[in-house]
Participant: 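Questions regarding the structure given below will be posed in turn.
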Protein chains: 2
Amino acid sequence: MKVLIADDDPQILRALSITFTASDYDVVTAGDGGAALRRAAEHHPDIVVLDLGMPHLGGIDVIHGLRGWSTVPILVISGRMDSIDKVQALDAGADDYVTKPFLTDELLARVRALTRRRLPVREEAGAAFGDVRVDLVARSVVRTTDGADIHLTRTEWRLLETLMLNPGRLVPQEILLTEVWGPQHVNDSGYLRLYIRQLRKKLERDPGSPRHLLTEAGMGYRFVPG
Amino acid sequence: MKVLIADDDPQILRALSITFTASDYDVVTAGDGGAALRRAAEHHPDIVVLDLGMPHLGGIDVIHGLRGWSTVPILVISGRMDSIDKVQALDAGADDYVTKPFLTDELLARVRALTRRRLPVREEAGAAFGDVRVDLVARSVVRTTDGADIHLTRTEWRLLETLMLNPGRLVPQEILLTEVWGPQHVNDSGYLRLYIRQLRKKLERDPGSPRHLLTEAGMGYRFVPG
DNA sequence: GAGGGCCATGAGGAAATCGTGAGGATCGGC
DNA sequence: GCCGATCCTCACGATTTCCTCATGGCCCTC
């Protein structure tokens, strides 16, 4: 489980890092709003812990920026207890709001509550098709003919996940590029083609004439289960 | 949007009912834990607002009971600020925890944040007519006679979508050309005829005498569902 | 019944898009 | 620093998609 912590106070940043690391999270940190957005696009965290009071690009702006392309849970930390701030942050797209000072136990419990929501969606996610069985939660692919494990890289997983979470639906190139390579991807689908090929090589019975990872020229790709 | 409010204090129950009703929620109430579980099973609310301090069957028990069969978002209200209570409730399956006294605005914002996650359940836009069923969201066409997938190209989709979003209405050529080929299209409807033909070939039972993609000479085309 | 719009049809070439192979850049572990 | 895994760049056929062109039918007008 990966957490992105964004705070302009180095001391708080450090304290939170230690807290989350001690609870077995992978921690990514950002010292300002711009860095938070870049880190999020780069690392695809499972949860974002965000200080509302950052200079320049503020917390609300970061929420808007993230929500432009991501549905990652966002927990806001703030020193301000005003109702207006809370409402503004929550309506901008934040999922929870904690005021300083807060207790570590409560923060961790709220993070658990937020990340738990994602799991049930993915628990059902996964499917068997062709010669393979894919488990998106466990991140494993098994070939059903001989039981061999098939290894996918990080980028391959992100791409496959985006496609498999929309079974039967056409997923536009733009969406795929944004989900896998972040919002400021290069507008060239060169590497998208490359990774589709990789997936077909590893998952399709006959990569030359795919039956489950289909191309729709000029539009995008489609995952067909079964 | 339907909310279940569970509290043993009739006064709070009434106040919350008024609050949520004023915000256009359908309100279901329960005065104790047992009633809360029964009402939830009966009414399938979109969100549950739960007081932790109910006698007999307490709030934690209700959370456990609900989580046995439902993933409905649960927001807990409590007079106790102890960290241990919050952690216990959140880890039992609650999604948010608010301590009394609280502001109405904040409560409503938190409820919005919790229910927002559920919305992206895609609604199917499309229609069935003739021998085919068209899903504009998934970008798929299935022939109902034999279940075969019918493939449309990008331009064909854009044209069909423009027509289907105006069911029964005449769509002028000028509108179609602008929607499909952009504002500075060539003012010749040569390719418009071509793609109408393509769509008829793929969607109409008898492309020679179309029943759903109709020509109105000199004016435009009309999509007739059914 | 001749002529002119307007539309349907068929075939074929231009252009965009895609699949493929080879190879260099980058990153993290040792 | 080395090495392997991973990620990305580039160039070239192959395929799909898009559009042009030419022909013929229908209907209305004159």
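In what follows, chains are A, B, ... by sequence order, proteins preceding strands, each numbered from 1. The structure presented is a predicted model; accordingly, all values stated were derived computationally and were not measured.
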Participant: If you round to the nearest 0.5 Å, how far is CG of B/Asp105 from CD of A/Gln88?
Facilitator: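 CG of B/Asp105 is found 13.0 Å from CD of A/Gln88.
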
Participant: At less than 4.0 Å, is any side-chain N or O atom of B/Arg154 found next to OP1 or OP2 of C/dA16? Yes or no.
Facilitator: no

Participant: Looking at B/Arg110 and B/Glu106, does any basic side-chain N land under 4.0 Å from a carboxylate oxygen?
Facilitator: yes

Participant: Which letter, B, S or -, goes with each nucleotide of nucleotides 18-23 of chain C from 5' to 3', with contact meaning a protein heavy atom under 4.0 Å?
Facilitator: BBBB--

Participant: Mind checking whether B/Arg222 and B/Val171 have side chains closer than 4.5 Å, heavy atoms only?
Facilitator: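 Counting from C-beta outward, B/Arg222 and B/Val171 never come under 4.5 Å.
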
Participant: Should A/Arg205 and A/Asp131 count as an ion pair when the cut-off is N to O under 4.0 Å?
Facilitator: yes

Participant: Taking OH from A/Tyr191 and C1' from C/dG24, how many angstroms apart are they, rounded to a whole number?
Facilitator: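 So the two atoms are 17 Å apart, to the nearest Å.
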
Participant: Is the shortest heavy-atom distance from the side chain of A/Val28 to the side chain of A/Pro45 under 4.5 Å?
Facilitator: no

Participant: Tell me which one of A/Val76, A/Leu75, A/Ile77 satisfies side-chain contact (heavy atoms from CB on, under 4.5 Å) with A/Tyr97.
Facilitator: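 Answer after filtering A/Val76, A/Leu75, A/Ile77: A/Val76.
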
Participant: Could you tell me from which nucleotide to which nucleotide of DNA chain D, 5' to 3', there is an atom under 4.0 Å from chain A heavy atoms?
Facilitator: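 Taking any atom under 4.0 Å from a heavy atom of chain A, the span is D/dT6 to D/dT17.
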
Participant: Could you pull out every donor-acceptor pair under 3.5 Å between side chains of residues 207-215 of chain B and any protein atom, sequence neighbours left out?
Facilitator:
from, atom 1, to, atom 2, distance (Å)
B/Ser209, OG, B/Asp206, OD2, 2.9
B/His212, NE2, B/Gly226, O, 3.3
B/Thr215, OG1, B/Arg200, NH2, 2.6

Participant: Could you go through B/Trp181 and B/Tyr195, starting from their C-alpha distance and side-chain angles, then the distance that decides it, and tell me whether this counts as ring-ring contact (aromatic ring centres under 6.0 Å, His included)?
Facilitator: CA-CA 12 Å; B/Trp181 284 275; B/Tyr195 281 96; 5.8 Å; yes

